[in-house]
Number of protein chains: 2
Amino acid sequence: MEVLERKPRSREQTRSGIIKTAKDIARREGWQSVSIRKIADAIEYSAPIVYEYFDSKDVLLDEIRQEGFRHLRHEYERINKLYRDPEKRLYEISMVQWEFALQHPEMYQVMYNLDGAFCTMPVYESEETQAVSSLIQEIIFSFIPKSKQSIQRLFFEWWSISHGMITLAMMLRGHQSIEQSQQVYQESMRRFARSLK
Amino acid sequence: MEVLERKPRSREQTRSGIIKTAKDIARREGWQSVSIRKIADAIEYSAPIVYEYFDSKDVLLDEIRQEGFRHLRHEYERINKLYRDPEKRLYEISMVQWEFALQHPEMYQVMYNLDGAFCTMPVYESEETQAVSSLIQEIIFSFIPKSKQSIQRLFFEWWSISHGMITLAMMLRGHQSIEQSQQVYQESMRRFARSLK
DNA sequence: TCAGGCAGTTTAACACCGTTAACTGAGCTA
DNA sequence: TAGCTCAGTTAACGGTGTTAAACTGCCTGA
């Protein structure tokens, strides 16, 4: 009984240990130097063990990507409960997006195939991204009840500004301070949210 | 004499052949499957020959990146000669940016480290990017003579919207048609250019 | 004619990669 | 005790970037 209970738990621990290790290495050395063998070494197993938890490196990366979008979705839902005003909601969600990218750059990289992170699964086909998308589209709809097409365009605009500024801010870090980029980001996202009224 | 003249020319041909082959493979199979040996096979040489033209895969990618920015700079200069109105200039430059990304996705990928393309050289430290940046900043300045800081912010905004929409349009291709994305892009860039007046 | 040198090119090797098959050894059951 | 199961290992395959050593063929000087 003890063994039966400890086994699955330890298995789950190993699994999340693999994910955590992959992210740790990526954070320290970049995704291009994350390898199955390095992960295995870190969790004190041999390489083939990793394949008992993930069919390939690709699905391991996809899992991390999904984790990222899931995390964002939870944050967005939290904000939706916290605020009623759609403008406030959209602005706060934008800020969460920014903070997430800065705090977990290695996740943001694999979510968008940036800087050596490469996952072949198409981003937009995952449930988690669809959920995040429609969550934000609903917020936009709630104070601009337009056609589905118009909402999709506004969402595309919002996403583009947010993602574009985040990636360029990271790229230009060192040439333009993060604080300065963040100020422009805040201003732009506030302006966008206000413009919807 | 003939030999002395033909030798350097053939060397230059080999060099550009390497670059062309790398881009061809990247276009067909993605950057993650571009390898020195594949390139060497295609140009009918053995792998070490490639290293007589490029010190490493990294500088080969950087060369391609620089070529991309150089190409953009020439296009921007062409437009600057073609139009006087800063608003028109900025809009046309935005459109060139879009067309370039669609026509040469493999270059756009290596310029911004997207989708498996990974070059360790920092983008913003190259002369070519600096040149492109200040070219656009000058256009913005020419009808909004504000402080250097303000111009930099506006340029950061412009670049973010453009780059964000281009990358998301490519990512969402299949879920949202390119034509639809392009329409939103055109509208947004036009609105941005107009807003500067 | 032969030896030497030199440029261009290839082979072979190193250490790494993702991935899979075959093997090991310990614990449990019949 | 013999056999089975199963977690975990080693070893291998074909690939990667990169480098050193070896080779090939030609031109030159003796």
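Chain A is the first sequence line, chain B the second, and so forth, proteins listed ahead of strands; every chain is numbered from 1. Hydrogens, waters and symmetry mates are skipped; everything else that's a heavy atom, side chains included, is used. Remember, predicted model here, so these are calculated numbers, not experimental data.
- Cation-pi geometry between Arg11(A) and Tyr53(A) is satisfied (NZ or CZ under 6.0 Å from the ring centre, within 45° of the ring normal).
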Determine, stepwise, if the pair Arg190(A) / Tyr91(A) fulfils side chain to side chain donor-acceptor pair (under 3.5 Å).
CA-CA 6 Å; Arg190(A) 181 164 277 140; Tyr91(A) 175 73; 3.3 Å; yes
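- Spacing between atom CD of Glu52(A) and atom P of dG8(D) amounts to 7 Å, rounded to whole angstrom units.
- With rounding to whole Å, Leu60(A) atom CG is found 15 Å from dC17(C) atom P.
- Between the CZ atom of Phe118(B) and the P atom of dG17(D) there is a distance of 15 Å, rounded to whole Å.
- We find that CD1 of Ile49(A) is positioned 9 Å from P of dA7(D), with the value rounded to whole Å.
- Atom CD of Glu127(A) sits in a sparse spot, with 12 or fewer heavy atoms from other residues, nucleotides or ligands closer than 6.0 Å.
- Here dG17(D) presents its C1' atom at 13 Å from CD of Gln32(A), a figure rounded to the nearest Å.
- Nucleotide dT9(C) holds its C1' atom 13 Å from the CZ atom of Arg11(B), rounded to whole Å.
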Distances under 3.5 Å only, N/O to N/O: pair up the protein atoms with those of nucleotides 18-24 of chain C.
from, atom 1, to, atom 2, distance (Å)
dG18(C), OP1, Ile36(A), N, 3.2
dG18(C), OP1, Lys57(A), NZ, 3.0
dG18(C), OP2, Ile36(A), N, 2.8
dG18(C), N7, Arg37(A), NH1, 2.7
dG18(C), O6, Arg37(A), NH2, 2.9
dT19(C), OP2, Tyr51(A), OH, 2.7
dT19(C), OP2, Lys57(A), N, 2.9
dT19(C), O5', Tyr51(A), OH, 3.2
dT19(C), O4, Arg37(A), NH2, 3.2

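- The side chain of Tyr45(A) places an N or O atom within less than 4.0 Å of a non-bridging phosphate oxygen (OP1 or OP2) of dG8(D).
- Using the six-membered ring where Trp is involved, Tyr112(A) and Trp159(A) have ring planes that are perpendicular, over 60° apart on the 30 and 60° scheme.
- For the atom pair NE2 of His175(A) and OG of Ser181(A), the computed distance is 10.5 Å after rounding to the nearest 0.5 Å.
- Checked for salt-bridge contact, Arg73(B) and Glu77(B) meet the test: a charged N lies under 4.0 Å from a carboxylate O.
- Straight-line distance from the OH atom of Tyr53(A) to the C1' atom of dA7(D): 9 Å, rounded to whole Å.
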